[in-house]
Amino acid sequence: MTIRVIIVDDQAMVRAGFAALLAAQADIDVVGEAPDGRQGVDVSRHTHPDVVLMDVRMPEMDGLAAARELLNPPVGVVHVPKVLMLTTFDVDDYVYEALRAGASGFLLKDAPPADLISAVRVVAAGDALLAPSVTRRLIADFARQRPSGTTRNGPALRLNGLTPRETEVLELIARGLSNQEIAGHLVLAEQTVKTHIGRVLAKLDLRDRAQAVIFAYEAGLVVPGESGPTGG
C-alpha cells in the first residue's frame with residue numbers, strides 16, 4: 001500500500017528536497033505541497049494524504065493552527081490525516097501544543113534522510129513518533145510548567161478508570177519505553193502489552209501514544225526529572 005504524503009513548509013528548497021527524497025521510495029507518493037498552513041489545509045482536503053509533513057512556523061497560518069484544523073475538521077469533512085510536525089529546537093512550545101492537539105509526533109528538520117523516511121512510515125502505520133529521547137525531554141520540560149492533575153479535563157481523576165496494570169503500562173509509555181521494552185520490564189508477551197495499550201487509549205479517549213505521554217504528565221502519573229525504568 002502506497003503512503004500518500006503532502007509537504008507543508010514555507011521554504012521551497014526544503015519542500016523540494018523532502019519531496020525528492022520521499023518520492024524515490026517505492027512505498028511513498030508525494031501528492032502535494034504548500035508554502036503555508038492555510039494552503040496546506042486546502043491541499044490536504046483535496047488530496048486526502050495519509051501523512052502531512054507540517055512545518056511549525058509559516059506565514060498566513062502557522063503549523064500548529066493548521067494541524068488543529070486538520071485533526072479536528074468541521075462537520076462534513078471526514079478525512080483526518082496523520083500530522084508529523086517539522087521543527088527546530090527554538091519552537092519547542094509549539095511542538096508540545098501540537099502533540100496535545102493530536103499530532104503524531106515531530107521530526108527535527110536536520111534529521112538524517114533515513115529518519116525522515118522512517119518517520120513517515122511509522123506515522124502512517126498509526127504509531128506516534130516518540131522514540132528520540134529529545135521528544136521525552138521536551139514534553140517533560142513543558143509538563144513541568146503545568147500543575148499536575150489540575151487541567152480542566154481532570155486527567156488525575158480519569159486515571160481511576162484504569163486497572164493497576166493499565167496504569168503501569170501508561171507510566172512506562174510516558175517514560176519512553178517501546179512495546180518490547182515494556183514487555184520485558186513487566187514480563188509480559190508483547191501482544192499483551194499492545195492489548196493493554198489499546199485499552200488505555202480507548203478508556204482515556206486518546207488518539208495515540210503521543211497523547212498518552214502528554215496525559216500521563218498532566219495527570220501527575222509521571223513527574224519530570226523523576227527516575228524510573230529506561231529502555232535498553
Exercise. Is there side-chain contact between I3 and D29, with at least one heavy-atom pair below 4.5 Å?
Worked result: no
Exercise. Any link between V77 and L71 through a network of hydrophobic side chains (Ile, Leu, Val, Met, Phe, Trp, Tyr) touching at under 4.5 Å?
Worked result: no
Exercise. Roughly how far apart are R68 CZ and D62 CG, rounded to 0.5 Å?
Worked result: 8.5 Å
For this session: Using a strict 4.0 Å threshold on nitrogen-to-oxygen distance, state whether K82 and D50 make a salt bridge.
Result: no
Exercise. Can you tell me if NE2 on H79 sees more than 12 non-hydrogen neighbours from other groups inside 6.0 Å?
Worked result: yes
Problem set entry | Spacing of CZ belonging to R209 relative to CG belonging to L177, to within rounding of 0.5 Å | 9.0 Å
Problem set entry | Closest approach of P81 to P49 (non-hydrogen atoms, all atoms of both residues) | CB-O, 3.4 Å
Exercise. Is there any salt bridge (charged side-chain N to carboxylate O under 4.0 Å, His left out) pair reaching into residues 184-195, and which pairs are they, with sequence neighbours excluded?
Worked result: none
Exercise. Between CD of E168 and NE2 of H185, what distance do you get to the nearest 0.5 Å?
Worked result: 6.0 Å
Exercise. Under the side-chain contact (heavy atoms from CB on, under 4.5 Å) criterion, do V200 and I173 qualify, and how do the steps go?
Worked result: CA-CA 11 Å; V200 167; I173 291 174; 5.5 Å; no
For this session: Can you run down the salt bridge (charged side-chain N to carboxylate O under 4.0 Å, His left out) pairs that involve residues 30-39, sequence neighbours left out, and say none if there aren't any?
Result: R15-E33, R38-E69
Exercise. Where do I182 and V169 come nearest, in terms of heavy atoms and distance?
Worked result: CD1-O, 4.3 Å
Run the side-chain donor-acceptor check on residues 16-26: report pairs under 3.5 Å with partners two or more places apart or on a different chain.
{"from": "Q25", "atom 1": "NE2", "to": "L21", "atom 2": "O", "distance (Å)": "3.2"}

Problem set entry | Any L70 side-chain heavy atom under 4.5 Å of V80 side chain | no
Exercise. Shortest non-hydrogen contact from A103 to M85?
Worked result: CB-CG, 4.0 Å
Exercise. Which atoms form the tightest heavy-atom contact between I6 and G40, and what is the distance?
Worked result: CD1-O, 3.8 Å
Seminar exercise, completed: Between I28 and T2, the two heavy atoms sitting closest are C-CG2, 4.0 Å
For this session: Grab the two heavy atoms, one from S44 and one from V52, that are nearest each other, plus how far apart they are.
Result: OG-CG2, 4.1 Å
Exercise. Can you check whether H196 reaches T163 side chain to side chain, under 4.5 Å on heavy atoms?
Worked result: no
Exercise. What distance do T47 atom OG1 and R4 atom CZ have between them, rounded to the nearest 0.5 Å?
Worked result: 6.0 Å
Problem set entry | Inter-residue atom distance L170.CG - L201.CG, 0.5 Å rounding | 8.5 Å
Exercise. If you round to the nearest 0.5 Å, how far is CG of D10 from CD of Q39?
Worked result: 11.5 Å
Exercise. Going through the distances and angles, do L86 and V56 end up as a side-chain contact (heavy atoms from CB on, under 4.5 Å)?
Worked result: CA-CA 6 Å; L86 300 170; V56 172; over 6 Å; no
Exercise. Can you check whether A114's main-chain N or O pairs, donor with acceptor, with S118's side chain at less than 3.5 Å?
Worked result: no
For this session: Begin with the C-alpha distance, continue with both residues' side-chain angles, and end with the deciding distance and a verdict on side-chain contact (heavy atoms from CB on, under 4.5 Å) for R199 and T195.
Result: CA-CA 6 Å; R199 288 174 179 164; T195 299; 3.7 Å; yes
Problem set entry | Test side-chain contact (heavy atoms from CB on, under 4.5 Å) applied to F215 and L204, step by step | CA-CA 9 Å; F215 179 93; L204 298 177; 3.6 Å; yes
For this session: Output yes when K109 and D9 qualify as a salt bridge under the 4.0 Å nitrogen-oxygen rule, no when they do not.
Result: yes
